[in-house]
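Have a look at the structure below, then the notes.
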Amino acid sequence: MDRGIFITFEGIEGSGKTTQAKLITERLKNEGFKAIYTYEPGDTKVGSLIRNILLDPSVQINSTCELLLYFADRVQHIEEKIKSYLMDGFTVICDRFTDSTVAYQGYGRGLSLQLILKLNETLLGSFKPDLTVLLDLPAAEGLKRNEKINKKDRFELENLAFHERVRQGYLEIAKFDPKRFIVVDATKDFDEINEEIYRHILWVLKK
Ligand code: TMP
């Protein structure tokens, strides 16, 4: 059996990536593809405990400790879930992955990009997404959308400048790896975005 395709969704808060990732997974399933939605941090038993620490607004975390917790979650996630689904031929749709770490801990928090990439290489080797969908929009717009639904975890409490650095970070990462990325304008109409992503994924799956 062929290994499945590993697709990640990335974007700042309020970009709509979680809703789109879930809907795309459902569309693929309805079309008869084997597909599974998963997310980081938190989609394993250990991961959900790590997620609680990471997002708790009452917990102060040193940035390097935060970085290591994201990688701890990722290593468990890959070994426990992602790899086994891929081996079973599933298209794995993952809501956030290493690009989030580069964007948030690297560009957002200012940790060394070299350290993050070295950690990634040491822990994950050559394992990386086959395709990454980046939903891009101005940070102010994303935060406004989140305000409406009153989301307030440790990252959502960060200021606008932090989220704008994260956004610019994502755009830089995408620029350096254009073959892996599609960058979608997340200010567009929701259904239009969904169609654009879905068409692209179908094209990748049928290649
Ligand atoms: P979520 O809101 O998409 O569930 O993600 C939780 C938060 O974790 C979000 O604010 C982004 C942040 N995050 C990082 O800072 N680094 C990472 O590596 C990942 C996966 C998420």
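Position 1 is the first residue of the sequence, and the numbers go up from there. Whatever order the structure lists ligands and atoms in, that order sets their numbers, starting from 1.
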Flag for Ser100-Tyr170: side-chain donor and acceptor within less than 3.5 Å: yes
Residue from Glu31, Arg27, Glu26 passing side-chain contact (heavy atoms from CB on, under 4.5 Å) with Lys29: Glu26
NZ or CZ of Lys128 within 45° of Phe97 ring axis and under 6.0 Å: no
Stacked cation flag Arg74 on Phe71, 6.0 angstrom / 45 deg: yes
Enclosure of Tyr85 OH (heavy-atom neighbours >12, cutoff 6.0 Å): no
Element-labelled atoms of ligand 1 that are located less than 4.0 Å from some non-hydrogen atom of Thr101: 17 (C), 18 (O)
Under 3.5 Å: donor-acceptor pair, side chain of Asp88, backbone of Phe90: no
Ligand 1 contact on Arg74 by region, counting heavy-atom pairs under 4.0 Å: side chain
Thr98, portion touching ligand 1 at heavy-atom distance under 4.0 Å: neither
Nitrogen or oxygen atoms of Glu66 and ligand 1 under 3.5 Å apart: no
Distance-only N or O hit between ligand 1 and Glu40, under 3.5 Å: no
Check: Tyr104 N/O within less than 3.5 Å of ligand 1 N/O: no
Arg51: numbered ligand 1 atoms lying under 4.0 Å from its heavy atoms: 4 (O)
